[in-house]
Amino acid sequence: MSDRGMKQLSDSLLIQSYHKAIELNLSSEFISQIKDELRERSLLKGIEEQTSQVS
């Protein structure tokens with residue numbers, strides 16, 4: 001998915017995509033692209049906090 005395509009995703013769908021990419025063990029490059037978009041939207045910190053609480 002291009003950066004442009006990610007920008008069209010809602011926050012919720014982007015977060016779901018991030019979790020699914022990790023679950024499916026997709027390429028680290030793809031996960032990094034999603035993380036970059038999450039960071040741009042100021043969503044990454046909240047997701048990382050949730051993930052660390054679950055672990």
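Starting from 1, each residue takes its place in the sequence as its number.
Taking CD1 from Ile15 and CG from Leu9, the interatomic distance works out to 11.0 Å, rounded to the nearest 0.5 Å. Atom CZ in Arg41 sits 7.0 Å away from atom NZ in Lys7 (nearest 0.5 Å). Distance OG/Ser28 to CD/Gln33: 10.0 Å, rounded to 0.5 Å. How far OG of Ser17 is from NZ of Lys20: 10.5 Å, rounded to the nearest 0.5 Å. To the nearest 0.5 Å, atoms CE (Met6) and CG (Leu14) are separated by 7.0 Å.
Using a 4.5 Å heavy-atom threshold, the side chains of Asp36 and Arg39 count as touching. In this structure, His19 and Ile47 have side chains that are in contact, with non-hydrogen atoms separated by less than 4.5 Å.
The two atoms that bring Leu26 and Ile31 nearest to each other are O-CD1, 3.6 Å, heavy atoms only.
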